[in-house]
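Notes follow once the structure below has been shown.
Order of listing sets the numbers, starting from 1, for every ligand and every atom in it.
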Amino acid sequence: MDLLIGSGLAAFTIYAAAKWNKSDKEKIQHTFRNLNYKIKDKEPKHLKTHRTDQYSLYTYHVPYGLVDDEKLQVLEKVLDRPVKVSFEKGKLHIKVYNKKLGTKYAYDLFKPKGKWTIPIGMSQDGLVYHDFDLIPHMTVAGATTQGKTQFMKMFVTHLIENNPEGVEFYILDLKGKLAFNKYRNLKQIKAIAGNYGDSAITLKEVKKSIQSDMDYLLSIDAENAKEGNVKTRKFIIVDEAGELQTDKYMSDADKEHIKECHRTLSHIARVAGQLRYSLIFGTQYPTKEILDPQIKANSLAKVSFRLSTAVQSGVALDQTGAETLEYVGRAIYKTIDEHIIQTPFITKDDIWERIGRYEDVSSTNETANQGRSDTFTIG
Ligand SMILES: Nc1ncnc2c1ncn2[C@@H]1O[C@H](COP(=O)(O)OP(=O)(O)OP(=O)(O)O)[C@@H](O)[C@H]1O
């Protein structure tokens, strides 16, 4: 009943404020009153307003015991603009942005920044980047067609373009190799596996390489890849981890391959970040079974595009919100901080203009790959 009255009041507040020709400051104060956001008769008191080209920041004194509250999220609808509510140093801050975040930002807006840094997207507060040297592993969730694969292609392109001699990719493209097939002849792509057997072989090679890097670092008394001056970073990308599930119709061999894949992916997440290996774990079905707890615990960067339910959002991000994202390419990027972003948009043509020159024409498919000494053969 309380909930019904609460939601009725919130709806009324939004309706009344939309009809009402008052300043944002007045609308906020009335919203406090209508939502009963106060202690006894003490309401938050406006302290100051700071305006920039992008936003107005309203700061309030609040009575002791009152902190930011989820119900203040209605302000976004009341003011019909993006709003960020925070509570810092005993004060309530309400940031009202002048404009809504756009639905498309071209990739070339994002200038390169360092070898292992990729653009993540445009937020209300400007460009957001991710540095794999600071946080090596990332999970990427999102329902189909919400922009997950194009995001992965964008950052593969960025890393190749900006560090062509130092980056390597090992891709488990478990939707039948369709998404990354065109990338197979790029010299930085060391393997693309499209089935369970190939995936297990690919990961076995990665595991061997981790062991040999560890042995090397031990031999020179270095604690990590940075100290040991290791120049290469290896990215292991799983596009559709949901496919790495066993079922009763599978052959025993496939079941064993899948188990092996899980063991190695978990190993990479636990031990290889400091050795300059990055696991990018993508799925459209973030459930507890698919998002392995070890991988989740070690992936301190989480990106989520729109998901079907709040429960999935909880698994992907440890919070709700991904289920309400409204646009393709819109995502929540969460590390210690959290940003709502529009991921960079890049066309296929642009991708190939930027990295097509790295195609090794002598190897046009896996068979031809056998001739490449730096690539192990799968399939
Ligand atoms: N950052 C973006 N900004 C604007 N539009 C985008 C963006 N990313 C993707 N799109 C649009 O959405 C379409 C679907 O994107 P994409 O193929 O990456 O979806 P997906 O979530 O990876 O799907 P799947 O999981 O099935 O592979 C693209 O063809 C493109 O038109």
Side-chain angles (χ1 to χ4, degrees), residues 82 99-112 118-130 138-161 169 171-184 189 192-195 199 235-245 279-287 290-291 301-309 312-313 315-317 321-334 339-355:
K99 274 203 293 191
K100 291 185 180 177
L101 190 59
T103 53
K104 212 175 220 182
Y105 291 95
Y107 170 76
D108 54 14
L109 273 174
F110 298 79
K111 300 295 165 232
I118 56 159
I120 286 284
M122 180 69 85
S123 77
Q124 289 288 354
D125 294 308
L127 306 175
V128 179
Y129 288 81
H130 174 82
M138 178 185 278
T139 58
V140 184
T144 183
T145 72
Q146 293 300 306
K148 182 165 40 68
T149 302
Q150 113 93 46
F151 172 73
M152 292 194 189
K153 287 178 180 171
M154 179 280 297
F155 81 67
V156 167
T157 304
H158 187 86
L159 290 164
I160 293 178
E161 191 183 11
F169 295 95
I171 302 176
L172 309 195
D173 193 353
L174 293 164
K175 290 180 290 187
K177 284 203 214 179
L178 291 177
F180 285 95
N181 188 41
K182 191 165 162 46
Y183 291 64
R184 68 192 184 284
I189 307 287
I192 300 186
N195 60 45
S199 298
F235 286 83
I236 298 87
I237 298 181
V238 183
D239 191 11
E240 205 28 72
E243 298 293 327
L244 280 178
Q245 292 296 298
L279 174 61
I280 314 295
F281 196 79
T283 182
Q284 52 177 304
Y285 317 103
T287 62
I290 290 168
L291 200 43
K302 299 174 173 70
V303 173
S304 182
F305 294 85
R306 187 183 170 97
L307 289 167
S308 312
T309 65
Q312 289 187 346
S313 179
V315 177
L317 296 168
E323 75 286 3
T324 61
L325 294 170
E326 283 176 288
Y327 305 101
V328 172
R330 186 64 53 92
I332 297 175
Y333 166 63
K334 190 172 172 187
H339 302 270
I340 294 185
I341 42 138
Q342 183 67 26
T343 51
F345 180 78
I346 188 165
T347 61
K348 268 189 192 160
D349 288 351
D350 197 5
I351 290 178
W352 290 103
E353 233 166 78
R354 289 168 188 275
I355 61 173

I'd like the atom pairs linking ligand 1 to the protein - N or O on both sides, separation under 3.5 Å - with distances to 0.1 Å.
| unit_1 | atom_1 | unit_2 | atom_2 | d |
| --- | --- | --- | --- | --- |
| ligand 1 | 1 (N) | Thr343 | O | 2.9 |
| ligand 1 | 1 (N) | Thr343 | OG1 | 2.9 |
| ligand 1 | 3 (N) | Gln342 | NE2 | 3.4 |
| ligand 1 | 18 (O) | Thr149 | N | 3.4 |
| ligand 1 | 18 (O) | Gln150 | N | 2.7 |
| ligand 1 | 19 (O) | Gly147 | N | 3.2 |
| ligand 1 | 21 (O) | Thr145 | N | 3.1 |
| ligand 1 | 21 (O) | Gln146 | N | 2.9 |
| ligand 1 | 21 (O) | Gly147 | N | 2.9 |
| ligand 1 | 21 (O) | Lys148 | N | 3.0 |
| ligand 1 | 22 (O) | Lys148 | N | 3.3 |
| ligand 1 | 22 (O) | Thr149 | N | 2.5 |
| ligand 1 | 22 (O) | Thr149 | OG1 | 2.7 |
| ligand 1 | 23 (O) | Thr145 | N | 2.8 |
| ligand 1 | 25 (O) | Lys148 | NZ | 3.1 |
| ligand 1 | 26 (O) | Thr144 | OG1 | 2.3 |
| ligand 1 | 27 (O) | Thr149 | OG1 | 2.8 |
| ligand 1 | 27 (O) | Lys175 | NZ | 3.0 |

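- Within the 4.5 Å cutoff, no side-chain heavy atoms of Gln150 are placed close to those of Val328.
- Using a cut-off of 4.0 Å between Lys/Arg side-chain N and Asp/Glu carboxylate O, Glu240 and Lys175 are scored as not salt-bridged.
- Evaluation of the side chain to side chain donor-acceptor pair (under 3.5 Å) rule for Ser313 yields no partner, not counting sequence neighbours.
- Contact record, Ile290 with Tyr285: CD1-O, 3.4 Å, taken as the closest heavy-atom pair.
- The shortest heavy-atom contact between Thr149 and Ala179 is CG2-CB, 3.7 Å.
- Both cation-pi conditions hold for Lys104 and Phe345: the charged atom is under 6.0 angstrom from the six-membered ring centre and inside a 45 degree cone around its axis.
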